[in-house]
Each structure stands twice: as C-alpha cells, then as structure tokens.
Amino acid sequence: EGPDPSAQTLDVVADRVKSNPGKFFQPAGCIQTTVSVGNGQRVATHVFNGCTGPQGKHKFTGTIVATWTSPEAGKLQVVREAKGFQIERIADGVIRTVDRSVTVRFEKDGQVYKKHRVVTMTGTSSTGKSFSRNADWNVSYDAGTHCIERSGSATTIFEGRELTRTVESYKRCGVGALGCPQGGKITITRKKGQGNSEKDISLVIEFGNGGQYTVQGPLGQKRARKLQWCRAQGN
C-alpha cells in the first residue's frame, strides 16, 4: 500500500523514516538517517557507507536526500535525489556513478491506494560506459480486492542503444507473486541501429483472464500461452 495519505501526517511519515533500519542492507547500521523539519516539509538524509544490498551482489556508497511534502489535502509526495551515488558490482569491482531523481506522489480513494512515480537518471561506469533512464509509472492497489493495476513506460539508453518498455492497463489480482494477470499489454521496443537492426524491433505480450496470454514477436507471429504458476483470484 505504501503510506496512507488520508491518515498519515508528515510527522508520522518522518518518524517512520527515522526509525527504519534499512533491513535490506548489510551490515546493520551502514545507513545513517537524519530528519530535519521546516517550511512545511520533512527532509530525510540517508547516508550509505558501503552497504551491501539484497543477494550480496552490489555495494552502495553515497547520499540520498528525500524531501516529503503534502502538496494538497489527503496527498503525500516525496522527492528523492542522489548526486554522484556509487553502485559497485562486487563480482568484478565495476563502479557505476549515478545522478538520480525520483518523484512519487501518493493518494488514496476509499480502499484504493494510488502512486505516480517519475524517474530520471544518468550515469557512467568505471569502464567508461554511459547510460540513462527515464520512467513514468502509475500504480494502484485495491486493498479490498487485492488487485494491482499499472500503466506507464520506461526508456533506458546504454551507450546509444535504446530500449523502451510500455505497460498498458496491466491488472493482476490475488495475493503475492502467484496472483494471476487479468488483462493488459506489455510492449518492449528496441530502437533501430543496434547490432544489425535496420528498424525498430518489438515484442508484445497481451494478458487475458485465468493466466492466458499471447506473445507477438518482431516478425508479427503471435502465439498463445498459459501461465502455469499463477493462481486465479480466490484459489
């Protein structure tokens, strides 16, 4: 659900942020958080000191500043910004240095939690490679039906190669990862100019009820498939 903007004030959010131990990062205490108050906002400064992330594959060093505001009654917004944040791949020591800004707005309508998330990121690696990412997502979660809906797109550019993922009206119901998609479409497009590609190449996945879906390849061929792992709502 995320924070409940209809019930939680900025002070409640700030207290939760301040007491969050960063349980996904090791060793314990590698993240130091301070919260300041002023001008109708709460600013949390998170300092990462060589924190190892989930699965132990990356190490994180740098500062993220999260500014919480309430732009309108019943709404919460956080802007997270990082400059020169370092992500080290432990396996080979390659370090990615990124500038990243994320704006998330939270709303609630009845039992439906809504989140609008916008991301901009640029960076370089210690091997001299450049990359960027821009994303804009709308997500909602219905606490009564346990259904998630998602729409939006993300574009990643790596050394001039461009890949875009677009999600249209994707809906999944049921608890946990085994919930079944109920509808929606995912389109993945690789821009021309990559390898020997002389045109845009797309892969389209469309979901139906009960785990049914179709896959359309770059040559237009379409095949029907069924998800074997998901459980329909109520099962």
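On a predicted model such as this, the values are computed, not experimentally measured, just so you know.
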Taking SG to SG, are C173 and C147 separated by less than 2.5 Å?
-> yes
With Y141 as reference, evaluate E149, K114, H146 under the side-chain hydrogen bond (donor to acceptor under 3.5 Å, both in side chains) test and give the passing residue.
-> H146
Is it true that V37 and V65 fall in one hydrophobic cluster, defined by side-chain heavy atoms closer than 4.5 Å?
-> no
Near N138 CG, under 6.0 Å, is it more than 12 heavy atoms from other residues, nucleotides or ligands?
-> yes
Under a 4.5 Å side-chain heavy-atom rule over Ile, Leu, Val, Met, Phe, Trp and Tyr, are V215 and F207 clustered together?
-> yes
Would M121 end up clustered with I64 when hydrophobic side chains under 4.5 Å apart are linked, directly or stepwise?
-> yes
Nearest heavy atoms of V104 and R80, plus distance in Å | CG2-NH1, 4.2 Å
Can you find a side-chain donor-acceptor pair between E162 and T156 that sits under 3.5 Å?
-> no
Do T124 and T97 have side-chain N/O donor and acceptor atoms under 3.5 Å apart?
-> no
Answer yes if the side chains of T164 and T155 hold a donor-acceptor pair under 3.5 Å, and no otherwise.
-> yes
Side-chain touch T63/K83, heavy atoms, less than 4.5 angstrom = no
Give a yes or no on whether the backbone of P218 and the side-chain of S202 come within a donor-acceptor separation of less than 3.5 Å.
-> no
Inspect the surroundings of CD in Q55 and state if more than 12 heavy atoms from other residues, nucleotides or ligands are less than 6.0 Å away.
-> no
For the residue pair V167 and W137, establish whether any side-chain heavy-atom pair is separated by less than 4.5 Å.
-> yes
Would you say the side-chain atoms of E159 pair up with the backbone N or O of S130, donor to acceptor, closer than 3.5 Å?
-> yes
Spacing of E81 atom CD and S101 atom OG [to the nearest 0.5 Å] | 4.5 Å
Take the angle between the ring planes of F48 and F85 and call it parallel below 30°, perpendicular above 60°, tilted in between.
-> perpendicular
For atom CG of N39, decide whether the heavy atoms of other residues, nucleotides or ligands shown that lie under 6.0 angstrom number more than 12.
-> no
Considering only heavy atoms from C-beta outward, does the side chain of D109 approach that of E107 to under 4.5 Å?
-> no
Within a strict 4.5 Å, meaning less than it, do heavy atoms of the E88 and T61 side chains meet?
-> no
Mind checking whether R223 and Q221 have side chains closer than 4.5 Å, heavy atoms only?
-> yes
Find out whether V78 and L76 are in side-chain contact, i.e. whether some heavy atom of one side chain is under 4.5 Å from a heavy atom of the other.
-> no
Donor-acceptor contact below 3.5 Å, side chain D99 vs main chain G84 | yes
